[in-house]
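All of these numbers come straight from a predicted model, not from anything done at the bench.
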Amino acid sequence: MFHAASSPLSSPNSSVSEKDQHRPSPDRRSKQRDAFFDNAKYLAIVLVAIGHSWEPLKGDSRVLQAAYQFVYAFHMPAFILISGYFSRSFDGSPARLKRLVTGVVVPYVVFETAYPLFKQVVDHDPQAAVTLLDPYYLTWFLCALFIWRLTTPVWKMIRHPLPVALGIAMLASVTPGVTGSLDLQRVLQFLPYFVLGLCLRPEHFRMVRRWRVRIAAVPVFVCALGFSWWAVPRMDTGWLYHRSSAQELGVPWWVGPVMQLALFGCSLLLTVCFFSWVPGRTMWFTALGAGTLYGYLLHGFLIKGADYRGLFEPAWLHGPLGEIAVTVAVGLAVTLLCTKPVRWVFRGVMEPKMDWAFKQPDVPAEPVRVQKREPGRDREKVDA
């Protein structure tokens, strides 16, 4: 995809050593994938899939409910923050818009159609309607990413984008009418994490990966797990989904903005701790980070299919051994869904090129160069 810069020819008088000639150029190094972000995306998507597998099981175990709340407090914020970080280059140009359509809009249309049809067939539910205005299950993220990325130039122009995004999220939490089309409640309440990603720079991620932060992350995680266990009977899990207003959760309106700020602070703290423990070197799962969207959109068929067919109902699955077995099985399944063979099979609907659907950019014609006549030349020819 990328062309390497040509190395200078060696000569006795050349100041470039043979070692320097074979060293990758700065441009080439900058375009290589960063193992840290691929590792973070893979680990985050595994947590997303595991969290979904815990939903049918968590009602029978307070420990599992606590683990569920703990994971849900930071797994999507971390994934959204990374999405915002990699959206910094979006400028609304035709090439970026084309990539937005092929990489976000097309998968949204495909999976927003496929999930209801899957429910009709597997769950024998003819009422499952196909609609593009009401995101089904996992597809809300694609809808949100499309809106967030389209507004990226605006956030890059604003002087203090994060406080503005937090204000919008707080207002959304007290606006019941936002819930509905395009899952706008989630779009607005998760917006601060995306905007924060736009504001971050590589040095910020290097800061959170220092050994002091890694050590401090251990007691933070322990305290967060303890707090989640305490909060199980006291806090509505709906706050972590960011899809409902305060009034819809049955609390006074002023609780919405307070919870938004509290959740943002807690989620950001846990996200920092999560990033601090993400390996920065190439691991066996690093290459899978490039296929996290495949794992995200496809694992829903496994979870929903098992739920529709009653595979979560056996009593042994609701004990510690069963919960561990489901966790391991889902972790392995989503890992396989991120591999190259799966990406090759579904690339046509996940990352289509669709050159046939877009106009080719107009190539400006080269200006005609008019050769200037030297003064007196024509006169010399006449005299001759």
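- A continuous path of ILVMFWY side-chain contacts below 4.5 Å connects I45 to F86, so both sit in one hydrophobic cluster.
- Taking the ring axis of F275 as reference, the NZ or CZ atom of R209 does not stay both within 45° of it and closer than 6.0 Å to the ring centre.
- A single hydrophobic cluster is seen to contain both L225 and M235, as judged by linkage of ILVMFWY side chains at heavy-atom distances under 4.5 Å, directly or through other members.
- The minimum heavy-atom distance linking H242 with L263 is given by the pair CE1-CD1, 4.1 Å.
- Enclosure of atom CH2 in W356 is not indicated, since only 12 or fewer non-hydrogen atoms of other residues, nucleotides or ligands lie within 6.0 angstrom.
- H318 places no side-chain N or O within donor-acceptor distance of the main-chain N or O of A315, the cut-off being under 3.5 Å.
- At a cut-off of 3.5 Å, with distance as the only test, a side-chain donor of N39 or T286 sits close to an acceptor on the other residue.
- Without hydrogens or angle criteria, K58 side chain to Y68 main chain gives no donor-acceptor distance under 3.5 Å.
- Put simply, the side chain of D123 never gets that close to the backbone of D125: no donor and acceptor are under 3.5 Å apart.
- V342 has its side chain within reach of T339: a pair of non-hydrogen atoms, C-beta onward, lies under 4.5 Å apart.
- Side-chain atoms of D307 never come within 3.5 Å of backbone atoms of I303 as a donor-acceptor pair (strictly under, hydrogens ignored).
- Enclosure of atom CZ in R159 is not indicated, since only 12 or fewer non-hydrogen atoms of other residues, nucleotides or ligands lie within 6.0 angstrom.
- Of all the heavy atoms in G331 and V46, the pair that sits closest is CA-CG1, 4.4 Å.
- Atom NZ of K353 and atom CZ of R347 lie 9.0 Å apart (nearest 0.5 Å).
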Quiz item: Does the side chain to side chain donor-acceptor pair (under 3.5 Å) test come out yes or no for T327 and W54, once each step is laid out?
Solution: CA-CA 8 Å; T327 301; W54 286 347; 2.8 Å; yes
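- The distance from the CD1 atom of I80 to the NE2 atom of H75 is 9.5 Å, given to the nearest 0.5 Å.
- Inter-residue side-chain proximity for F274 and V278 is flagged as met; some heavy-atom pair is nearer than 4.5 Å.
- L240 places a side-chain heavy atom less than 4.5 Å from the side chain of Q69.
- The closest donor-acceptor contact from the side chain of H299 to the backbone of Y294 lies at 3.5 Å or more, if one exists at all.
- The side-chain heavy atoms of I147 and L184, taken from C-beta on, include a pair separated by under 4.5 Å.
- No donor-acceptor pair under 3.5 Å is formed between the side chain of Q185 and the backbone N or O of P176.
- Using the six-membered ring where Trp is involved, Y42 and F285 have ring planes that are parallel, under 30° apart on the 30 and 60° scheme.
- Using a 30° and 60° split on the angle between ring planes, F118 and Y308 fall in the tilted class, from 30° to 60°.
- Across all their heavy atoms, A66 and V232 have their closest contact at N-CG2, 3.7 Å.
- A 4.5 Å side-chain heavy-atom check between P257 and Q260 finds every atom pair outside the cut-off.
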Exercise. Would you please test L337 and L302 for side-chain contact (heavy atoms from CB on, under 4.5 Å) and show each step?
Key: CA-CA 11 Å; L337 293 176; L302 301 180; 4.1 Å; yes
Quiz item: Should L182 and D134 be marked as a side-chain contact (heavy atoms from CB on, under 4.5 Å) after you check the CA-CA gap, both sets of side-chain angles, and the distance that decides it?
Solution: CA-CA 5 Å; L182 301 180; D134 186 14; over 6 Å; no
Quiz item: After noting the C-alpha distance and the side-chain angles of W148 and F141, does the key distance pass the side-chain contact (heavy atoms from CB on, under 4.5 Å) rule?
Solution: CA-CA 10 Å; W148 293 334; F141 176 72; 4.2 Å; yes
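- The two residues Y85 and P202 make their nearest non-hydrogen contact at OH-CG, 3.3 Å.
- No side-chain donor-acceptor contact under 3.5 Å links T139 to the backbone of P135.
- Between Y137 and F111, a ring centre-to-centre spacing not shorter than 6.0 Å is recorded.
- For the pair Q189 (side chain) and S244 (backbone), a donor-acceptor distance under 3.5 Å is present.
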Quiz prompt | C143 vs D183, side-chain contact (heavy atoms from CB on, under 4.5 Å): CA-CA, chis, key distance, verdict | solution = CA-CA 8 Å; C143 179; D183 216 347; 5.9 Å; no
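- Annotation: side chain of L297 is in contact with side chain of P107 (closest heavy-atom distance under 4.5 Å).
- In the model, S87 has a side-chain atom that pairs as donor or acceptor with a side-chain atom of R149 under 3.5 Å.
- V110 and M354 fall within the same hydrophobic cluster, defined by Ile, Leu, Val, Met, Phe, Trp and Tyr side-chain heavy atoms under 4.5 Å apart, directly or through other members.
- The minimum heavy-atom distance between A165 and P192, with the atom names listed, is O-CG, 3.6 Å.
- Under the 3.5 Å distance criterion, the side-chain polar atoms of Y296 are matched with a main-chain donor or acceptor of L138.
- Taking all atoms of both residues into account, the shortest heavy-atom contact from L188 to A169 is O-CB, 3.5 Å.
- Looking at F74, W239, Y193 one by one, the single match for ring pair (Phe, Tyr, Trp, His ring centres under 6.0 Å) with F264 turns out to be Y193.
- Atom CG of D38 sits about 9.0 Å away from atom CG of L288, to the nearest 0.5 Å.
- In this structure a side-chain-to-backbone donor-acceptor pair under 3.5 Å is missing from E112 to V109.
- Taking the ring centre of W229 as origin, the terminal cationic atom of R62 falls inside the region bounded by 6.0 Å and 45° from the ring axis.
- Looking at heavy atoms from C-beta onward, Y115 lies out of side-chain contact with V130 at the 4.5 angstrom threshold.
- Distance check: K98 NZ to S93 OG gives 11.5 Å after rounding to the nearest 0.5 Å.
- Taken to the nearest 0.5 Å, the CG atom of D236 stands 11.5 Å off from the CD atom of E248.
- From F90, atom CZ reaches atom CZ of R96 across 8.5 Å, with rounding to the nearest 0.5 Å.
- Clustering ILVMFWY residues whenever any of their side-chain heavy atoms sit less than 4.5 angstrom apart, transitively, puts V154 in the very cluster that holds L166.
- Between F70 and F221 there is a side-chain heavy-atom pair separated by less than 4.5 Å.
- Tracing side-chain contacts under 4.5 Å through hydrophobic residues (I, L, V, M, F, W, Y), one never reaches L47 starting from L332; they form parts of separate clusters.
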